There are 4 protein chains.
Amino acid sequence: MESSSQRSAAPKHGGRPRDPQIDAAVLEATFAVLEETGYAHLTLEEIARRAETTKPAIYRRWPSRQHLVLAALAARLTAARTPNTGCTLCDLNEGINVFIATFQQIRPDVLGPLLADCAADTTLRGVFMATLFDPPRAAVATMLDRAAARGDIRFDIDCGLILDMLGSLVHYRALFGHAPTTEAEVERAVEALMGGVATDYPALLEHSLRMAGHPEAHAAHT
Amino acid sequence: MESSSQRSAAPKHGGRPRDPQIDAAVLEATFAVLEETGYAHLTLEEIARRAETTKPAIYRRWPSRQHLVLAALAARLTAARTPNTGCTLCDLNEGINVFIATFQQIRPDVLGPLLADCAADTTLRGVFMATLFDPPRAAVATMLDRAAARGDIRFDIDCGLILDMLGSLVHYRALFGHAPTTEAEVERAVEALMGGVATDYPALLEHSLRMAGHPEAHAAHT
Amino acid sequence: MESSSQRSAAPKHGGRPRDPQIDAAVLEATFAVLEETGYAHLTLEEIARRAETTKPAIYRRWPSRQHLVLAALAARLTAARTPNTGCTLCDLNEGINVFIATFQQIRPDVLGPLLADCAADTTLRGVFMATLFDPPRAAVATMLDRAAARGDIRFDIDCGLILDMLGSLVHYRALFGHAPTTEAEVERAVEALMGGVATDYPALLEHSLRMAGHPEAHAAHT
Amino acid sequence: MESSSQRSAAPKHGGRPRDPQIDAAVLEATFAVLEETGYAHLTLEEIARRAETTKPAIYRRWPSRQHLVLAALAARLTAARTPNTGCTLCDLNEGINVFIATFQQIRPDVLGPLLADCAADTTLRGVFMATLFDPPRAAVATMLDRAAARGDIRFDIDCGLILDMLGSLVHYRALFGHAPTTEAEVERAVEALMGGVATDYPALLEHSLRMAGHPEAHAAHT
DNA sequence: TGCTAAGCGAGACGGTACGTCCCGTCTTAAT
DNA sequence: ATTAAGACGGGACGTACCGTCTCGCTTAGCA
């Protein structure tokens, strides 16, 4: 939520206020170092050097390197949008592409170790989930729920599983970094899945093709 | 392939042979430390101490900590089997369960950083792929190819994408460690996917149910 | 001058103060290891182990093993006294015995390598000279100057050469470690030298013998 | 005596003969490395590299690095001469100059550590004494004995002490490396000492001055 | 308005683990 | 039998970086 910090306890009596320029400089430096040297060789001393500040100033703001990295990533991520055009296939395709775009902003060798560090730190894990994991996932979940409400998905299907199968594909590519998942592949993946779980896949497909002729409809979001 | 080392060039004049007990002791110690303290706090000095040897002896065998970890994991993994019962659904279900079992032998906070480190080291990536990634994936790929040859999968479907969608689900669970993927979930995932890509899914399902009455058939592998 | 360190420039902003217990513990451990295993097998790791600290803490205080050894020796050496009884021969004899005593506190196999290392490090050499070499030498030089001022030494004699001839004898024994130079030998060496350079050696000798009856006079120092 | 090795046990049965070129190449390489990098940073691997051979080949010939260094030094030292002109002062002056020349061929930072290592290795010490220490010292001792036999030195004087006082001066300069001891300084040192121990120093001096007019006499040696 | 104390930038600290150099020894193949 | 050659097991090195502590200055709110 907040741009910088985990601290919440209200200071009783004033004291010197925190310099907000340092927050910004540190986040920027962190992102720059991440881009250049990756997560493994990330050094707080280097970050402090670039941000022209000191390690304690950083530790005062974020409880660990992991939290700092997470904050630096979050500060750069574009907010996930939730397309809502009424066309299930269109929404899913675009939604997943946005999902993918989110994670393509992060170097693949950053996500892995960060994720691993979450296993040892419950707090960090919570922040990670709330910051990086849930938002794009929630967007897709919303779209699936809408599709189910519309009756486009069979009643006996567990939407959570579908969600995971789509989400996992994204993470898979982000983590293994094989190659950027193309829009065409996303389309085929959605097709394959929906072919198995839709109540009437041919109808969805036809609807989607009709929509393609009216691209202005794609601007609708929620 | 080999249990210990990267060396392959034929030495001209021999020299003192490597003590194989050290190879074994180091791999064992590495695995033990991984289990106890995880990847992040893995220390070569601790491994050397446990294996009752020294750091140079380790560096002589593996070019980096990552290679060592990979070797230690590989030494413990059970070989992937490729079920071949003629029943597409049965094979896929069992194949994916074996796939999952493979990665459940590895702590989730080990796979992530290891994977991330692969991004920066092409050689390591090659070893990782050849050791951990490809074998179980190849098993599933084989099963999909057989199904396609049998005509169970539509001709216009890219088996590679199906493979990735199944594989990604496994990795997703292994990496994020949400929860162990149950056999029932695997079954539903296969059902959802095959429902979209099979030429005649109901027939496959019926076949599979008939097979369930003859469990001895499941022993057939390739 | 200072017991521990080379730092002199006034720090702008302080920082955490150095733990003086570590200084003491390291010096003590260094001296102990020197006594037990000699200079050649002196190990910073062993010193750190004994002092219950770490190598970086040592390197922060002394720029090299040599400086550390020098500091450890200096911390144990008794200050050189400068006898001043008015009796040239008595003073010289006692002065040189003190000189010798200084270097007998140091293992012969420590001085040699330390000295040798000075050749490659100007700073170290300066510290060595100021710490071990000059003080006892200055004491003898003072005595020779007094003798010359009294007219006990011929005007055409270079006191520096006499000083070196006496000093060299001491170092010679200290370095080669033949045998401890006895007081009788010192006396004969002084006799031989002064016989050649004194204006009136027999008078000096007679004076010295008269003094021998009044040992309380020997307490006079400067 | 022998150019290469300490080994004495005669090989019972033939076997492959030792390559004498390696002996020479190693000694030469050792001397070169000594000159360039000093004793402290002397590395057997570097020597082996330069001599285009291997470490075991070196260890087969010399039992330790110290022995090797000693052999390398000995191979380069010029033999000490013993002047015998009948002129005590002349002989001493020249003898000591030769003494000095011997040690000026050795870097000051080589002698010290080598000497120190002798303390821990009796065999090495013996070789050191027999190779470097005794020969020039014996030359001066011979000259002093001749002088005593001639009656030039007082009967109550311990020639050993005089010898040590002259020798120590040389070592002192060689080890501390203040400055090269000049011939003039040697002359004054001899003058100071002999002034105290000669039976009739003025006569010796006069004799020496007369000899100076007949330089050809200086060619006489024993 | 002045005092006081919390919070700040800054820098050095004690300490862990690193990756490497070099040691002295052992094994193999050739002579 | 003994060599030349090369790799080995291992000890210690000097360094990078960690996370923490102490300092002196700054600033807000209470008196």
Side-chain angles (χ1 to χ4, degrees), chain A residues 7 11-19 21-22 41-49 51-61 63-65, chain B residues 7 11-19 21-22 41-49 51-61 63-65, chain C residues 7 11-19 21-22 41-49 51-61 63-65, chain D residues 7 11-19 21-22 41-49 51-61 63-65:
Chain A
R7 303 231 282 111
K12 306 265 172 168
H13 305 291
R16 177 171 171 177
R18 207 167 262 175
D19 183 348
Q21 292 189 354
I22 290 184
H41 300 100
L42 185 73
T43 289
L44 272 188
E45 301 205 331
E46 173 65 14
I47 292 174
R49 208 175 297 131
E52 295 189 317
T53 181
T54 60
K55 281 191 294 176
I58 298 177
Y59 277 108
R60 236 172 263 126
R61 287 166 169 79
S64 74
R65 176 175 32 169
Chain B
R7 295 216 284 109
K12 306 239 169 173
H13 273 299
R16 179 173 173 176
R18 211 164 259 176
D19 182 349
Q21 292 189 356
I22 292 185
H41 301 99
L42 186 73
T43 289
L44 275 187
E45 297 206 330
E46 173 64 15
I47 293 173
R49 208 174 296 131
E52 296 187 317
T53 181
T54 59
K55 280 187 292 177
I58 298 178
Y59 278 109
R60 228 171 269 123
R61 287 167 169 77
S64 72
R65 176 177 27 173
Chain C
R7 295 215 285 108
K12 306 240 172 177
H13 274 297
R16 179 173 173 177
R18 212 163 258 175
D19 183 348
Q21 292 189 355
I22 292 184
H41 301 100
L42 186 74
T43 287
L44 274 188
E45 297 207 330
E46 172 66 14
I47 292 173
R49 210 174 295 131
E52 295 188 316
T53 181
T54 60
K55 281 187 292 177
I58 299 178
Y59 278 111
R60 228 171 268 125
R61 287 168 168 77
S64 73
R65 177 177 27 173
Chain D
R7 302 232 282 114
K12 307 268 175 169
H13 306 292
R16 177 171 171 176
R18 204 167 266 175
D19 183 348
Q21 292 189 355
I22 291 185
H41 301 99
L42 185 73
T43 290
L44 272 188
E45 300 206 330
E46 172 66 14
I47 292 174
R49 209 173 298 133
E52 296 188 317
T53 181
T54 59
K55 280 191 294 176
I58 298 177
Y59 278 107
R60 233 170 269 125
R61 288 165 168 80
S64 73
R65 175 176 32 171

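Quick caveat, the model's predicted, so the values are computed rather than measured.
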Closest listed nucleotide, where the reference is the side chain of Arg60(A) and the choices are dC8(E), dG15(E), dA4(F): dC8(E)
Protein-nucleotide distance (Glu46(A), atom CD; dC18(F), atom P), rounded to Å: 10 Å
Closest non-hydrogen atom pair between Arg61(D) and Asp19(D), with its separation: NH2-O, 3.0 Å
Comparing Thr53(C) and Ile22(A) on DNA chain E - which has the more 5′ nearest nucleotide: Ile22(A)
N/O (side chain, Thr54(D)) to phosphate O (OP1/OP2, dA4(F)) under 4.0 Å: no
Whole-Å gap separating P (dA10(E)) and CZ (Arg61(A)): 11 Å
Side chain to side chain contact (heavy atoms under 4.5 Å, CB included) partners of Glu45(A), counting only residues at least two apart: Thr43(A), Arg49(A), Lys55(A)
Rounded distance in Å - CG (Leu44(A)) to C1' (dG11(E)): 16 Å
Arg16(C) side-chain N/O to dG19(F) phosphate OP1/OP2 under 4.0 Å: no
Beyond-backbone contact of Arg65(D) with Ile47(D), side-chain heavy atoms, under 4.5 angstrom: no
Arg16(C): partners by side-chain hydrogen bond (donor to acceptor under 3.5 Å, both in side chains), with sequence neighbours left out: none
Touch class at under 4.0 angstrom, heavy-atom based, for Pro17(C) against every strand present: sugar-phosphate
Under 3.5 Å donor-acceptor pair, Lys55(A) side-chain atoms to dG19(F) base atoms: yes
Between C1' of dA12(E) and CG of Asp19(C), the distance in whole Å: 13 Å
Under 3.5 Å donor-acceptor, Arg18(C) side chain and Arg60(C) backbone: yes
Length of the line joining His41(D):NE2 and dC22(E):P, which is rounded to integer Å: 10 Å
Tyr59(C), nearest nucleotide to its side chain (from dC18(E), dC22(E), dC13(F)): dC13(F)
Separation of atom CZ in Arg49(B) from atom C1' in dC18(E), rounded to whole Å: 13 Å
Shortest side-chain distance from Glu45(A), nucleotide among dA4(F), dC17(F), dG6(F): dC17(F)
Gap between atoms CD1 and C1', on Ile58(A) and dC18(F) respectively (whole Å): 13 Å
Distance in angstrom units between Ile47(D) CD1 and dG24(E) P, rounded: 11 Å
First of Glu52(C) and Pro56(B) reached from the 5' end of DNA chain E, by closest nucleotide: Glu52(C)
